[in-house]
Amino acid sequence: HHLEVAVAWTQLLGMSSEVQNWATASELLDQQFSVDRQLLRDTAPFNTLERLTAWLGVTCRIGTRLVPDPTPLIRANLRALVPEPSCSAEELLERSAALFPWMPHGELGRAVSMRMESVPDESAAEGRFPEGLSLALVRLHHEDVIELDSGDDPKSRILLSFNSTSERGLARVRHK
């Protein structure tokens with residue numbers, strides 16, 4: 001459970017996180033949970049958390065920053081997320097929240113964000129795709145694994161998000 005909570009926190013950091021090492025992670029934890037933080041107290045050293053999240057396929061390094069990137073995990077679970085040739089963006093969002101509860105829109109991710117004083121990835125509260133999941137979907141689209149369809153009706157779209165800003169809307173996801 002402790003690792004799940006730590007993974008949820010890394011996903012809630014969003015794409016603009018400046019987490020590079022334990023010192024910056026500890027500083028962010030103090031800002032986001034206060035110095036008496038019960039959450040993530042006495043965690044494994046940051047390099048252990050970093051290795052575990054990379055091994056689990058939920059983060060990557062971009063430059064010196066650790067960012068949420070569940071692309072390998074989404075790729076491995078694509079049939080569970082999109083069991084038919086296509087599904088609506090809403091169905092994909094619901095399935096990913098159930099399958100990966102530590103994502104910002106999942107049960108554990110929401111519980112962690114409720115404890116935070118500032119939540120960098122506000123996508124769950126705003127009904128958007130989380131930043132890490134948005135990155136994964138765009139990467140899989142560019143790898144020609146899936147097709148992201150914006151559809152004809154703007155009301156049926158769910159927005160992808162990066163760096164706390166909304167990007168293009170998505171209505172359906174199709175296998176290629």
Side-chain angles (χ1 to χ4, degrees), residues 1-33 37 39-78 80-81 92-93 95-126 128-143 145-146 148 159-167 170 173:
H1 178 72
H2 197 75
L3 178 59
E4 286 182 315
V5 168
V7 167
W9 179 68
T10 64
Q11 300 304 295
L12 285 159
L13 289 177
M15 303 304 294
S16 59
S17 164
E18 293 298 324
V19 172
Q20 301 173 10
N21 53 38
W22 179 247
T24 56
S26 187
E27 186 179 320
L28 263 180
L29 286 167
D30 289 347
Q31 290 171 5
Q32 293 171 339
F33 295 98
R37 64 183 186 267
L39 193 70
L40 305 177
R41 179 182 285 160
D42 301 325
T43 58
F46 179 74
N47 60 347
T48 304
L49 172 64
E50 180 184 6
R51 279 196 310 273
L52 283 169
T53 57
W55 181 76
L56 291 170
V58 295
T59 62
C60 74
R61 280 254 170 224
I62 295 181
T64 58
R65 297 177 303 139
L66 182 70
V67 297
D69 179 9
T71 305
L73 192 62
I74 300 301
R75 184 184 296 110
N77 289 279
L78 200 53
L81 293 168
L92 177 63
L93 193 61
R95 287 183 187 130
S96 61
L99 194 57
F100 311 118
W102 40 261
M103 281 193 174
H105 61 303
E107 184 178 356
L108 185 59
R110 286 178 184 269
V112 171
S113 71
M114 288 177 61
R115 305 269 312 269
M116 295 174 81
E117 292 175 14
S118 63
V119 182
D121 185 345
E122 291 276 6
S123 58
E126 296 170 4
R128 294 181 280 116
F129 279 99
E131 292 186 10
L133 182 55
S134 294
L135 176 63
L137 292 172
V138 169
R139 283 190 168 168
L140 292 172
H141 174 75
H142 286 296
E143 291 173 10
V145 174
I146 59 173
L148 303 179
L159 297 175
L160 298 171
S161 55
F162 297 99
N163 293 324
S164 303
T165 60
S166 297
E167 296 291 335
L170 177 62
V173 177

Validation row: P130, L93 side chains within 4.5 angstrom (heavy atoms): yes

V7 versus T10, closest heavy-atom pair with distance: O-OG1, 2.7 Å

Residues in side-chain contact (heavy atoms from CB on, under 4.5 Å) contact with P68, at least two apart in sequence or another chain: Q11, M15

Close side-chain approach of V19 and R65, heavy atoms under 4.5 Å: no

Approximate separation, where rounding is to 0.5 Å, of R128 CZ and L160 CG: 10.0 Å

Partner residues of E4 under the side-chain contact (heavy atoms from CB on, under 4.5 Å) criterion, sequence neighbours left out: H1, L108

Atom of A80, atom of R95 and distance for their closest heavy-atom approach: O-CD, 3.7 Å

Shortest non-hydrogen contact between L12 and P104, atoms and distance: CD2-CB, 3.7 Å

Closest contact, heavy atoms only, E117 versus Q31: OE1-O, 3.3 Å

Gap between atom CH2 of W9 and atom CG of L29 - 0.5 Å precision: 4.0 Å

Nearest heavy atoms of L148 and L137, plus distance in Å: CD1-O, 3.8 Å

Q32 side chain near L13 side chain, heavy-atom distance below 4.5 Å: yes

Audit row: V112, W102, side chain to side chain contact (heavy atoms under 4.5 Å, CB included) steps and yes/no: CA-CA 9 Å; V112 171; W102 40 261; over 6 Å; no

With A124 via side-chain contact (heavy atoms from CB on, under 4.5 Å) - residues at least two apart: H105, R110

Check: L49 and L66 side chains under 4.5 Å, non-hydrogen atoms: no

All side-chain contact (heavy atoms from CB on, under 4.5 Å) counterparts of R75, not counting sequence neighbours: T71, P72, L140, E143

Atom pair CG/CD of N21 and E27 - distance to nearest 0.5 Å: 10.0 Å

Least distance between heavy atoms, S96 atom then L133 atom: OG-CD2, 3.5 Å

Distance in Å, L81 CG paired with I146 CD1, rounded so as to fall on 0.5 Å steps: 9.5 Å

Short side-chain to backbone donor-acceptor contact, D121 and E131, under 3.5 Å: yes

side-chain hydrogen bond (donor to acceptor under 3.5 Å, both in side chains) involving S134 - partner list, sequence neighbours excluded: none

Min side-chain heavy-atom separation I74-F100 under 4.5 Å: yes

